[in-house]
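Just so you know, ligand 1 is whichever comes first in the structure, and atom 1 is the first atom listed for that ligand. Computed from a predicted structure; not experimentally measured.
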Amino acid sequence: MSPTRFVLDCDTGSDDAIAILAAASHPGLEPVAITTVGGNVALADVTANTLSVLGLVGADVPVYSGADRPYLRPDLPIPRDVLNKDSAFQLSRLGFGEPVSTARAEHAVDFLTRFYGDAASADAALVATGPLTNVALALTAEPGLAERIPRLVLMGGAHANGNVTAAAEFNFWADPEAAQVVLTAGIREVVIVPLDATHSAPLSERDCEVFERIGTPAAAGVAMLLRHRLEHDRAAAGSAPVHDPMCVAYLVRPDLFTEQVEASVSVETIGERTLGELLVDTRPWRSEPSNATVALRASTAVYRDFLRTAFAAG
Ligand code: BDR
Ligand code: CA
């Protein structure tokens, strides 16, 4: 069976980096391009991190640098340097050395509109693991694009508590207007992987040890990133959620999610205390039709199996 082709739009970031390593290493996956967006860290660091992670495993995947500020807002709702002021969790650089390659000259938004405008790309999913700025800009520049993206799998939102605020998860909070544009654009199949799913299948020190024993450059890199998450994640107590790789895992392991709902989803763009909140309307009498599948729980066993398959091969 030929590998599943997809474009990854990300804000690398340690869990995005694990998603890239899994994507580049898993025999069932073929990342055709990576587009970068400002999010976890500033765009220049996101792009450098992405290139150095690819360099670690010698993966020849073209990288296109994209938006360095949100869709409408001049900055994140709270600027990044204020938000991350006392946090050792967000590293602006991931420690894999300076990149040995460079990003392509084409802007990520131009790449996305060109790529999905081509009938030969009709099979390629779009996976988004950062703020949805690039995707929203591409859909705005080319409204017909929504019909040409066969499937969007994204990490964002929370049905229960968020992580930046009680209501909002980081990716949706960082660019709520972009998230709202993307969710309501009419893309045929949208799968949302919110915090509810990622927190239900956390990884632990035991996983670090497994990856260290595998010992390939990808597995050793993942062990290092995972250990940093375990040491610095505020919620970690012997285990920590590793959000973004779940989206790429789902492409080859549709059995990853053990509970999911079809819902009419939207994102709060105005609320003083709820900015960036994902609204998941499952009421039988709702007026809007369902526009997404929202994963609520994941299987740790399936997630581990996916990661071990990826890194044993990498
Ligand atoms: C999301 O925000 C970022 O910190 C992570 O990379 C992930 O995409 C989790 O809220
Ligand atoms: Ca991310």
Is it true that the side chains of Arg273 and Thr165 contain a donor and an acceptor less than 3.5 Å apart? no
Which one holds for Thr129 and ligand 1: side chain close, backbone close, both close, or neither close, with close meaning a heavy atom under 4.0 Å? backbone
Set of residues satisfying side-chain contact (heavy atoms from CB on, under 4.5 Å) with respect to Asp305, sequence neighbours excluded: Arg253, Thr309
What's the verdict on side-chain contact (heavy atoms from CB on, under 4.5 Å) for Leu225 and Phe96, showing C-alpha distance, side-chain angles and the deciding distance? CA-CA 10 Å; Leu225 294 170; Phe96 293 126; 3.9 Å; yes
In ligand 1, the atoms that come under 4.0 Å of a heavy atom of His243 are 9 (C)
Out of Thr50, Asn40, Thr47, which residue meets the side-chain hydrogen bond (donor to acceptor under 3.5 Å, both in side chains) rule with Thr12? Thr50
Which atoms of ligand 1 are found less than 4.0 Å from any heavy atom of Met155? 1 (C), 7 (C), 8 (O), 9 (C)
Taking only heavy atoms of Glu169 into account, list the atoms of ligand 1 that are under 4.0 Å away from them. 1 (C), 2 (O), 9 (C), 10 (O)
3.0 Å shell around the Ca ion (ligand 2), exclusive bound, protein N/O/S atoms: 5
State whether a side-chain donor-acceptor pair under 3.5 Å links Thr269 with Gln180. no
For residues 130-142, which side-chain donor-acceptor pairs fall under 3.5 Å, sequence neighbours excluded?
unit_1: Thr133; atom_1: OG1; unit_2: Asp175; atom_2: OD2; d: 2.7
unit_1: Asn134; atom_1: OD1; unit_2: Ala67; atom_2: N; d: 2.8
unit_1: Asn134; atom_1: ND2; unit_2: Asp9; atom_2: OD1; d: 2.9
unit_1: Asn134; atom_1: ND2; unit_2: Thr36; atom_2: O; d: 2.9
unit_1: Thr140; atom_1: OG1; unit_2: Tyr71; atom_2: OH; d: 2.8
unit_1: Thr140; atom_1: OG1; unit_2: Ala136; atom_2: O; d: 2.7

Salt bridge (charged side-chain N to carboxylate O under 4.0 Å, His left out) filter on Glu189, not counting sequence neighbours, yields Arg151
Would you mind listing which atoms of ligand 1 come within a distance below 4.0 Å of any non-hydrogen atom of Phe170? 2 (O), 3 (C), 10 (O)
For ligand 1, which atoms sit closer than 4.0 Å to a heavy atom of Asp244? 5 (C), 6 (O), 7 (C), 8 (O)
Please work out, at 4.0 Å between heavy atoms, whether the side chain, the backbone, both, or neither of Asp16 comes within that distance of ligand 1. side chain
I'd like to know if the side chain of Glu169 reaches the main chain of Gly157, judged simply by a donor and an acceptor atom lying under 3.5 Å from each other, with no hydrogens or angles considered. yes
Report the C-alpha distance between Val193 and Leu154 in whole Å, list the side-chain angles of each, state the deciding distance to 0.1 Å, and finish with yes or no for side-chain contact (heavy atoms from CB on, under 4.5 Å). CA-CA 6 Å; Val193 183; Leu154 68 93; over 6 Å; no
